[in-house]
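Values below: every heavy atom of this structure, side chains too, minus hydrogens, waters and symmetry copies. The shown structure was predicted, so the numbers you read here are calculated from the model rather than taken from an experiment.
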Amino acid sequence: MKKLVIFDLDGTLLNTIADLAASTNQALQHFGYPTHSTEAYRFFVGNGINKLFERALPEEERTEENVLRIRSRFIPYYNEHNAVFSTPYPGIPELLHTLQEKGILLAVASNKYQLATEKLIAHYFPTIPFIQVLGQREGVPIKPDPTIVNDILATTELNNNDVLYVGDSGVDMQTARNAGVDAIGVSWGFRPRTELEPLQPLAIIDKAEDLLGFI
């Protein structure tokens with residue numbers, strides 16, 4: 001039986017793509033760059049916000065200086081507008097409550113920057129006692145590096161076999177593999193099933209409640 005479930009955030013617990021798109025587009029527009037459709041952002045996100053800005057910028061403008069300019073405009077805006085359109089995926093609140101009632105420990109491991117990760121979890125899941133809510137932190141490598149999973153495990157007395165990692169992207173599946181824990185892919189997120197399949201997760205589920213069968 002699994003004793004800890006670690007969830008990715010964007011594309012797994014919450015559909016945040018519209019707010020990410022709107023916040024990035026306002027920054028791009030401010031500096032005179034072309035904007036993108038919300039759908040396009042599904043393939044820009046997943047590797048931290050600096051990589052998001054790099055992908056959103058025109059190819060010839062992808063310099064570190066320009067990434068930092070977009071970042072300087074994005075963060076204050078997103079801090080105030082990260083819950084305008086975002087919403088939990090169907091069945092997620094119920095799943096979290098069920099896992100909590102079963103005594104399963106819950107944690108979040110995201111490549112979203114730490115402040116926004118904490119704010120979104122507190123806003124949408126205020127009654128869920130996650131043991132750790134970790135995002136992108138200064139000086140800590142981002143997923144698929146396994147450090148974030150190892151940091152969560154270090155606060156428990158569990159071993160890798162006790163853990164299930166749940167995510168919607170190839171980055172998530174690789175993170176689980178690098179950390180030596182079982183992975184479950186979800187089909188409702190930002191990335192297609194075809195990105196998950198080659199990384200051979202334990203399963204790819206189509207509904208939140210399907211996760212209970214793997215606990």
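- No side-chain heavy atom of V163 sits under 4.5 Å from any side-chain heavy atom of K3.
- Side chain of S110 to backbone of T117: no donor-acceptor contact under 3.5 angstrom is found.
- Donor-acceptor pairing under 3.5 Å is lacking for the side chains of E54 and N50.
- Without hydrogens or angle criteria, T155 side chain to I152 main chain gives a donor-acceptor distance under 3.5 Å.
- Residues D172 and Y165 have side chains that bring a donor and an acceptor to within less than 3.5 angstrom of each other.
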Point to revise | Derivation of the side-chain hydrogen bond (donor to acceptor under 3.5 Å, both in side chains) call for Y113 and N79 | key: CA-CA 10 Å; Y113 63 97; N79 283 344; 2.6 Å; yes

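- Residues S187 and D206 bring a donor and an acceptor atom of their side chains to less than 3.5 Å of each other.
- There is a side-chain donor-acceptor pair under 3.5 Å between N66 and E61.
- Not one N or O on the side chain of W188 forms a donor-acceptor pair closer than 3.5 Å with the backbone of Y89.
- Side-chain N or O atoms of S72 include one that pairs as donor or acceptor with a backbone N or O of R69 at under 3.5 Å.
- With E195 contributing its side chain and G170 its backbone, the two residues share a donor-acceptor pair below 3.5 Å.
- Between the side chain of Q114 and the backbone N or O of V133, at least one donor-acceptor pair lies under 3.5 Å.
- With hydrogens and angles disregarded, no donor-acceptor distance shorter than 3.5 Å links the side chain of T12 to the backbone of L9.
- At a cut-off of 3.5 Å, with distance as the only test, a side-chain donor of Y78 or K112 sits close to an acceptor on the other residue.
- No donor-acceptor pair closer than 3.5 Å links the side chain of K2 to the backbone N or O of D182.
- Counting only heavy atoms from C-beta outward, the side chains of L13 and V108 approach each other to under 4.5 Å.
- With respect to E39 and R42, a salt bridge is recorded, a charged nitrogen being found less than 4.0 Å from a carboxylate O.
- When only modelled atom types and interatomic distance are considered, D19 and Y41 share no side-chain donor-acceptor pair under 3.5 Å.
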